[in-house]
Each structure stands twice: as C-alpha cells, then as structure tokens.
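I have placed the structure first, in the form of structure tokens, so that the comments after it can refer back to it.
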Protein chains: 2
Amino acid sequence: MVGGAEGSSPRRIPEATVARLPVYERILTEMLRSGDLTVSSEQLGSRARVNAAKVRKDLSLLGSFGTRGTGYDIAFLVAQIQRALGVDGDWPVAVVGLGNLGRALVNAEGFSSRGFRIAGAFDIDPAVVGQQVGPVVVRHLDELGLLEVGDRPTIGVVATPAAPAQQVTDALVAVGVRAILTFAPAVLEVPAPVLLRYVDLSIDLQVMSFFLARQPAEPLADELAQLRAVGLTPRR
Amino acid sequence: MVGGAEGSSPRRIPEATVARLPVYERILTEMLRSGDLTVSSEQLGSRARVNAAKVRKDLSLLGSFGTRGTGYDIAFLVAQIQRALGVDGDWPVAVVGLGNLGRALVNAEGFSSRGFRIAGAFDIDPAVVGQQVGPVVVRHLDELGLLEVGDRPTIGVVATPAAPAQQVTDALVAVGVRAILTFAPAVLEVPAPVLLRYVDLSIDLQVMSFFLARQPAEPLADELAQLRAVGLTPRR
DNA sequence: TCATGTGAAAACGTTCACAGCA
DNA sequence: TGCTGTGAACGTTTTCACATGA
C-alpha cells in the first residue's frame with residue numbers, strides 16, 4: 001500500500017516478503033561464516049521455517065539470480081537482500097529511556113551495523129543523565145531538539161515505562177521522527193504519517209499461549225509440521 | 001492450521017485476529033480506567049489503527065455481544081477477549097540470561113499479570129547466580145531440570161547473547177518447553193512441535209526503514225492514511 | 001538431473017455495503 | 001437513527017505444479 005509515482009523502482013515487494021528478508025539475511029550470513037557458498041531454496045526454507053516455494057517467490061522479487069540445478073550464491077544473495085532493504089541509507093535513531101531495556105538496546109549487537117546508528121540517548125533521571133552507556137552519553141530529554149541537523153533522528157525508540165510513553169512519543173514526533181518503535185506497554189497516539197510499531201512481551205506471550213492452548217500437549221509429528229512458527233510480521 | 005478433532009471449540013479464530021486481540025484488550029482496559037462504559041467499533045478501531053469493519057469481524061468471532069445502536073460493553077468485552085485468549089491458563093515461563101534485557105523482562109509490567117508467571121530465572125555467570133532480580137532469585141542454568149513439577153516451564157524466554165542461544169534453547173527444549181521466545185540475534189533450530197518466535201530490534205528497524213525509504217519524506221495526508229502502522233503480528 | 005522461476009489455483013484476510021435490531 | 005453482524009467482493013499471500021535452463 002505504499003502507492004505513489006516511484007518511476008524506476010524495480011518491482012513491488014510485498015510487506016510479507018519484506019518481513020522475511022532480514023531473516024533470510026541472517027541465516028545466509030551465518031552460513032557464510034560456516035564456509036558455505038551456495039544454498040537451495042529448500043535449505044534456506046527449512047532453516048527459516050518457510051515453504052521452499054515461498055523462498056523462491058520472495059527471492060525472485062529481487063531479481064532472478066539463482067542457478068538452476070545448483071541454488072543461490074550466498075554472498076551475492078546477501079548483497080541483493082541488503083540492497084533491497086536499503087542498507088545504503090543512514091538512519092539516525094533516538095533512544096528514550098535508559099532503564100534496563102534501554103541499556104540493552106543501546107548495547108545491542110547488530111544495532112549500529114546496518115544503516116542504523118544511535119543519534120542520541122535520552123532520559124530525565126538526573127542519576128542517569130550524563131552517564132556513559134555503551135557507546136553514548138545520556139542526555140536530558142529536553143535536549144532532544146538540540147541535536148545537530150545530521151543527527152536529527154528519523155526513528156524514535158521508546159523504552160520508558162507506560163506512564164510517560166505518550167509524552168515521550170509526542171516529543172519525538174515534535175522533533176520530526178518518521179517512525180516510532182515502542183517497548184512501553186501502553187497504547188500510543190501518533191499523527192497518521194508516523195509509522196508506529198509495538199514490541200511487547202506480554203502480547204507475544206499471549207499470542208503464543210493462544211496457540212499452545214489449542215494444541216494437543218503431545219501432538220503427532222505430522223500435524224505439527226503444519227504449525228508454522230508464529231511469524232515475524234504484521235505483522236504484523 | 002491447528003487442525004484436528006477439537007469438538008466443541010466455539011469458532012476458528014484466525015491468527016491475524018489473535019494478534020489484534022491483546023491490542024484491543026489494552027485499549028479497552030485503559031478506557032475502563034478512564035471511566036468509559038461502552039465503545040463503538042469506530043472508536044476502538046481508530047485507537048488501534050484498524051478499520052472499524054475489521055474490529056467488528058474480529059469481535060464477532062468471539063460471539064455476538066455488541067448492542068446495535070450503542071456499541072459494546074467494555075467490561076464484558078474485556079472478559080470475552082481474555083476468555084478467548086485463555087487467560088485462565090497457567091503458563092510458567094523460564095527466563096534465561098539476566099543481562100540488561102533479562103532484567104527488564106523479569107521486571108516487566110504486565111508479565112505476571114495474565115496467566116504468566118516466572119517459574120525461574122537462569123544464568124551461568126557466577127556473579128549473577130544467586131542474586132535477587134526483581135521477583136526472583138537467579139539460579140544456575142544447570143538447575144533448569146530441577147524445577148518442581150508445577151514450575152516446569154511451558155514457555156522459555158532466551159535473553160542471552162547470540163553465541164550461547166542455541167545451546168540454551170536446546171536446554172529449554174530438553175526440559176519440555178512447548179514454545180520459545182527469543183531475543184537473541186541468532187537463528188535457532190527447534191524440533192517442529194516447539195513454537196518459535198523471534199523478537200528482534202534490528203529486524204523491526206529494517207522493516208520500518210524499508211517503508212520509510214519508499215515513502216516521501218513530507219507526504220500528503222491522503223496517501224498516508226493508507227499507510228497503516230506496521231502491525232503486531234506475525235507479526236506479525 | 002536437479003533446482004530455479006513463475007503462471008495459475010487455492011487459501012486467507014480485508015473491506016464494502018447493507019440488512020437487522022435496539 | 002445509529003451501530004452491529006455478516007454475506008459477498010476484493011486484494012493479497014501462499015501453495016502448487018511444471019516448463020525452463022544450467
């Protein structure tokens with residue numbers, strides 16, 4: 001649904017596919033490290049818990065660069081996926097809230113890799129402001145608007161408790177973030193153009209337990225093959 | 001796809017709906033706190049960023065208990081959603097890895113609420129083992145198998161770095177968890193019947209940035225209305 | 001021979017539009 | 001009149017099945 005006059009865009013990549021690409025990429029990167037050079041849709045699919053035909057459809061949307069009879073060149077595939085996901089971009093991220101969760105995020109492996117970089121970390125607790133946390137020095141939330149032009153965040157991460165989350169979100173929107181990723185267990189309101197994504201332990205647990213509840217405790221292997229892992233997506 | 005002879009199960013609830021129910025529930029609970037008594041599908045939809053018809057479809061799957069011309073009784077609706085999600089269950093959860101992330105999880109609001117309870121927290125770091133973290137005392141991973149029968153975890157949460165994640169997962173599977181929720185940036189292998197869900201900052205960021213990249217920086221309100229927030233679900 | 005790439009079919013999920021009821 | 005509940009239309013995603021090419 002990202003309509004518009006895009007001109008020379010190579011192909012429309014469905015949202016469902018976009019959600020799987022990072023998973024493929026991670027698997028392929030791991031395989032590269034293990035010394036593998038090529039992979040079949042069958043292999044990749046079984047590692048990603050995805051039907052092989054789906055893998056082929058997904059990859060064919062990026063262009064046709066598999067070799068019939070052999071499979072895909074892993075290194076090349078990784079490069080193509082990265083290109084499709086737009087790794088070349090620069091995505092400054094502001095993290096607000098440096099409790100345990102915020103600290104974990106700021107230190108996360110694979111955060112600064114990829115186009116993402118932490119443009120700033122913010123809190124209001126005087127005990128935390130000024131502290132060095134991982135790669136950054138925590139600043140007061142009031143300084144959010146004072147970031148250099150090149151560091152103006154495109155994405156805001158809300159890692160506060162539920163109570164201040166809406167206020168923090170408003171502050172992020174005010175400095176122009178175009179997307180919010182929130183870990184706070186609260187429902188947020190943002191203006192329509194801002195992308196909003198909730199990451200939530202209790203929601204994940206509830207969805208999981210729903211499926212567990214209607215699954216026999218000791219089920220037969222056959223029926224289980226059909227039970228795919230609850231996806232990554234919009235789901236998202 | 002949870003086929004089988006379930007007999008008197010009320011209705012099949014699609015996965016997409018299941019992923020939205022906890023969101024509705026959270027909004028409704030907040031509205032209750034604000035003193036609201038009823039809600040229309042329009043109101044609930046706009047808060048959840050979901051089409052009103054979809055809200056009605058979702059809720060009608062739980063049974064028909066709206067009042068035409070008025071809307072839904074919020075308290076009753078919350079109860080129905082909870083019943084559908086199976087709140088009545090008991091879901092012991094084992095958390096492995098008590099770095100910043102594990103600490104955040106163990107202390108999370110809304111963890112122990114709902115049927116979930118922390119049956120145990122495990123690590124291998126001698127500096128952490130024995131420590132009181134939030135509501136629990138951390139035990140050594142080797143003691144995972146020693147939990148009382150009533151505390152045998154149904155769900156395992158992996159909050160370790162990528163390197164030991166597979167090993168930890170194997171240990172969890174060995175003690176009989178039926179679902180794994182992992183925050184480790186690694187691809188895991190589990191036997192087919194075990195549900196597996198990845199929660200991953202860098203994947204979320206990548207998906208978000210993909211949509212941002214093909215979205216005009218200062219887009220018109222009309223086009224944006226179509227850009228729904230990247231969902232929760234499976235996520236998804 | 002083996003595995004990709006892709007039309008066509010099936011399954012699934014969303015949205016529309018309106019009948020039905022308070 | 002206002003809002004739910006739901007068939008039917010629509011759009012998207014998945015899966016099948018096989019022609020194609022290394």
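Side chains are part of it too, since the values below use all heavy atoms of this structure and drop only hydrogens, waters and symmetry mates. Proteins get letters first, then strands, A, B, ... in listed order; numbering begins at 1 in each. Because the structure is a prediction, the values reported are computed rather than measured.
With sequence neighbours excluded, no residue forms a salt bridge (Lys or Arg N to Asp or Glu O under 4.0 Å) with A:Asp36. Remark: A:Glu42 pairs with no residue by the side-chain hydrogen bond (donor to acceptor under 3.5 Å, both in side chains) rule, at least two apart or across chains. Among residues two or more places apart in sequence or in another chain, the side-chain contact (heavy atoms from CB on, under 4.5 Å) test is passed with A:Asn51 by A:Ala53, A:Lys54. For A:Ala171, the side-chain contact (heavy atoms from CB on, under 4.5 Å) test picks out A:Leu144, with sequence neighbours left out. Residues meeting the side-chain contact (heavy atoms from CB on, under 4.5 Å) test with B:Ala75, sequence neighbours left out: B:Leu32, B:Asp73. Not counting sequence neighbours, the partners of B:Gln43 by the side-chain contact (heavy atoms from CB on, under 4.5 Å) test are B:Val39, B:Ser40. For A:Arg56, there are no salt bridge (Lys or Arg N to Asp or Glu O under 4.0 Å) partners at least two apart in sequence or on another chain.
Residue pairs meeting the ring pair (Phe, Tyr, Trp, His ring centres under 6.0 Å) criterion with at least one member in residues 38-60 of chain A: none, sequence neighbours excluded. Pairs of residues two or more places apart, or lying in two chains, never qualify as ring pair (Phe, Tyr, Trp, His ring centres under 6.0 Å) while including a residue from residues 165-184 of chain A.
Look at OH on A:Tyr24: it is 14 Å from C1' on C:dT4, rounded to the nearest Å. When rounded to the nearest whole Å, the span between CD of B:Glu42 and P of D:dT4 equals 8 Å. Rounded to whole Å, the distance from CD on B:Glu15 to P on C:dC12 is 11 Å. In this structure, B:Leu77 atom CG and D:dC3 atom P are separated by 16 Å, rounded to whole Å. Put simply, CZ on A:Phe65 is 11 Å from P on C:dT6, counting in whole angstrom units. At whole-Å resolution of the value, CG in B:Asp58 and C1' in D:dT4 are 14 Å apart. Between A:Asp73 atom CG and D:dA22 atom P the separation is 16 Å, expressed in whole Å. The nearest whole Å value for the distance from the CZ atom in B:Arg12 to the P atom in C:dA11 is 14 Å.
Between B:Arg20 and the phosphate of C:dT14, there is a side-chain N or O to OP1/OP2 separation shorter than 4.0 Å. Taking side-chain N and O atoms only, A:Lys54 has a distance below 4.0 Å to OP1 or OP2 of D:dT15. Contact annotation: A:Ser40 does not reach the phosphate of C:dA3 (side-chain N/O to OP1 or OP2, under 4.0 Å). Side-chain N/O atoms of B:Tyr72 include one lying less than 4.0 angstrom from OP1 or OP2 on D:dG5. The phosphate of D:dT13 (OP1 or OP2) has no side-chain N or O of A:Asn51 nearer than 4.0 angstrom.
Counting only N and O atoms by type, the side chains of B:Glu25 and B:Gln82 include a donor and acceptor under 3.5 Å apart.
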Both atom distances under 3.5 Å, Watson-Crick or G-U wobble: I'd like the secondary structure of DNA chain C as a dot-bracket string, with | for pairs made across strands.
||||||||||||||||||||||
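Note on A:Thr17: nothing from the nucleic acid sits closer than 4.0 angstrom, heavy atoms only.
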Dump the pairs, protein N or O against N or O of nucleotides 18-22 of chain C, anything under 3.5 Å, distances to one decimal.
residue	atom	partner	partner atom	Å
C:dG20	N2	B:Arg68	NH1	3.4
C:dG20	N3	B:Arg68	NH1	3.1

Check: protein-nucleotides 7-9 of chain D nitrogen or oxygen pairs below 3.5 Å:
residue	atom	partner	partner atom	Å
D:dG7	O6	B:Lys57	NZ	3.3
D:dA8	N6	B:Lys57	NZ	3.4

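To the nearest 0.5 Å, atoms CZ (A:Arg33) and CE (A:Met31) are separated by 12.5 Å.
No donor-acceptor pair under 3.5 Å is formed between the side chain of A:Arg197 and the backbone N or O of B:Asp204.
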